[in-house]
Enquirer: 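I have a structure here, written as structure tokens, and I will follow up with some questions on it.
Chain letters run A, B, ... following the sequence lines, proteins first, then strands; residues in each count from 1.
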Amino acid sequence: MRHWLMKSEPDAYSLDDLARDGVEPWDGIRNYQARNLMRDEMTVGDRVIFYHSNAKPPAAVGLAEVASEAYPDPTQFDPDGKYFDPKSSPDDPRWLLVDVRYVGHFERPVPLPEIKEDPALSEMVLVQRSRLSVQPVTETEFDHLVELAGGIRSAAS
DNA sequence: GCCAACGTTGGC
DNA sequence: GCCAACGTTGGC
């Protein structure tokens, strides 16, 4: 069982949206490192910290979990969609995704500045290398962050 | 809106 | 295979 952090811009898809939808295919990932993590490292049931990027402030806002094995991202085959990849084909798909299921909102979102100043979280990929949108989190970091957040409440706001 | 970091593309 | 140009991410 591993732990992850996945980013989303709340204007595009927020934790509230996931709470409403329940389960959502995490489409549109076009970074090989992120893809490889989803394809090779994720297991159904892995816990995921849901992070709002490009928010004011950016913050870890809740929890989700991996809800499927990796499978081809259908948006890469849609010529009219913004995630279309002309170099990919259904025979040899380039981009994979996993489904993500809502778990809960944090009692208190943890803003990025607070994450950055916490010595226990200084090694997080989020702090060290902020651009990766799907990233591994150690169990220690995960537990610490959930504790900072005061745990989760199950209902969406 | 700016721009640093950094990943990808493509000419050679 | 190198590397310059370019595009994207995402904090500020």
Enquirer: Could you state the atom-to-atom distance from OH of A:Tyr32 to C1' of B:dC6 in whole Å?
Expert: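 Taking OH of A:Tyr32 and C1' of B:dC6, I get 15 Å after rounding.
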
Enquirer: Show me the side-chain donor-acceptor pairs of residues 47-64 of chain A shorter than 3.5 Å, one per line, residues at least two apart or across chains.
Expert:
unit_1	atom_1	unit_2	atom_2	d
A:His52	NE2	A:Leu15	N	3.1
A:Asn54	ND2	A:Glu9	OE2	3.1

Enquirer: OP1 or OP2 of C:dC12 less than 4.0 angstrom from a side-chain nitrogen or oxygen of A:Lys116, does that happen here?
Expert: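 Answer yes for this pair, as a side-chain N or O of A:Lys116 is under 4.0 Å from OP1 or OP2.
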
Enquirer: Where along residues 78-91 of chain A does a heavy atom come under 4.0 Å from DNA chain C, residue by residue in number order?
Expert: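 Close to the strand, none.
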
Enquirer: In whole angstroms, how far is the C1' atom of C:dG10 from the CG atom of A:Leu112?
Expert: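 Going from CG in A:Leu112 over to C1' in C:dG10 covers 10 Å.
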
Enquirer: Report the distance from atom CG of A:Leu126 to atom P of C:dT9, rounded to the nearest whole Å.
Expert: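 Spelled out: CG on A:Leu126 to P on C:dT9 is 16 Å.
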
Enquirer: Whole angstrom is fine here: how far is it from CG in A:Asn31 over to P in C:dT8?
Expert: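 Taking atom P of C:dT8 as the reference, CG of A:Asn31 is at 13 Å.
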
Enquirer: Excluding sequence neighbours, so at least two apart, what forms salt bridge (Lys or Arg N to Asp or Glu O under 4.0 Å) with A:Arg35?
Expert: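 If we apply the salt bridge (Lys or Arg N to Asp or Glu O under 4.0 Å) test to A:Arg35, skipping adjacent residues, there are no hits.
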
Enquirer: When the side chains of residues 141-152 of chain A are checked against the rest of the protein, which donor-acceptor pairs come out under 3.5 Å, sequence neighbours left out?
Expert:
unit_1	atom_1	unit_2	atom_2	d
A:Glu141	OE1	A:Thr138	N	3.0
A:Glu141	OE1	A:Thr138	OG1	3.3
A:His144	NE2	A:Asp118	OD1	3.4
A:His144	NE2	A:Asp118	OD2	2.7

Enquirer: Which whole-number value in Å describes the distance from A:Leu132 CG to B:dC6 C1'?
Expert: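 Distance check: A:Leu132 CG to B:dC6 C1' gives 11 Å.
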
Enquirer: Test of understanding: with ring-ring contact (aromatic ring centres under 6.0 Å, His included), list the residues that count as partners of A:Phe84, not counting sequence neighbours.
Expert: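 If we apply the ring-ring contact (aromatic ring centres under 6.0 Å, His included) test to A:Phe84, skipping adjacent residues, there are no hits.
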
Enquirer: On DNA chain B, compare the nucleotides closest to A:Arg30 and A:Asn54; which residue's is nearer the 5' end?
Expert: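 With A:Arg30 and A:Asn54 compared, the 5'-side residue is A:Asn54.
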
Enquirer: Rounded to whole Å, please give me the gap between CD in A:Gln135 and P in B:dC6.
Expert: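 After rounding, the reported distance stands at 13 Å.
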
Enquirer: Quickly work out the A:Arg94 CZ to B:dG7 C1' distance and round it to whole Å.
Expert: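 In whole Å, B:dG7 C1' and A:Arg94 CZ are 13 Å from each other.
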
Enquirer: Measure the distance from OH on A:Tyr13 to P on C:dT9 and round it to the nearest whole Å.
Expert: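 It works out to 19 Å between those atoms.
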
Enquirer: Answer with yes or no whether the side chains of A:Arg20 and A:Tyr102 bring together a donor and an acceptor at under 3.5 Å.
Expert: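 There is no such pair between these side chains.
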
Enquirer: Give every donor-acceptor pair under 3.5 Å between a side-chain atom in residues 66-74 of chain A and any protein atom, sequence neighbours left out.
Expert:
unit_1	atom_1	unit_2	atom_2	d
A:Ser68	OG	A:Asp99	N	2.8
A:Tyr71	OH	A:Asp99	OD1	2.5
A:Asp73	OD1	A:Thr75	N	2.9
A:Asp73	OD1	A:Thr75	OG1	2.7
A:Asp73	OD2	A:Gly28	N	2.8
A:Asp73	OD2	A:Arg30	NH1	3.0
A:Asp73	OD2	A:Thr75	OG1	3.3

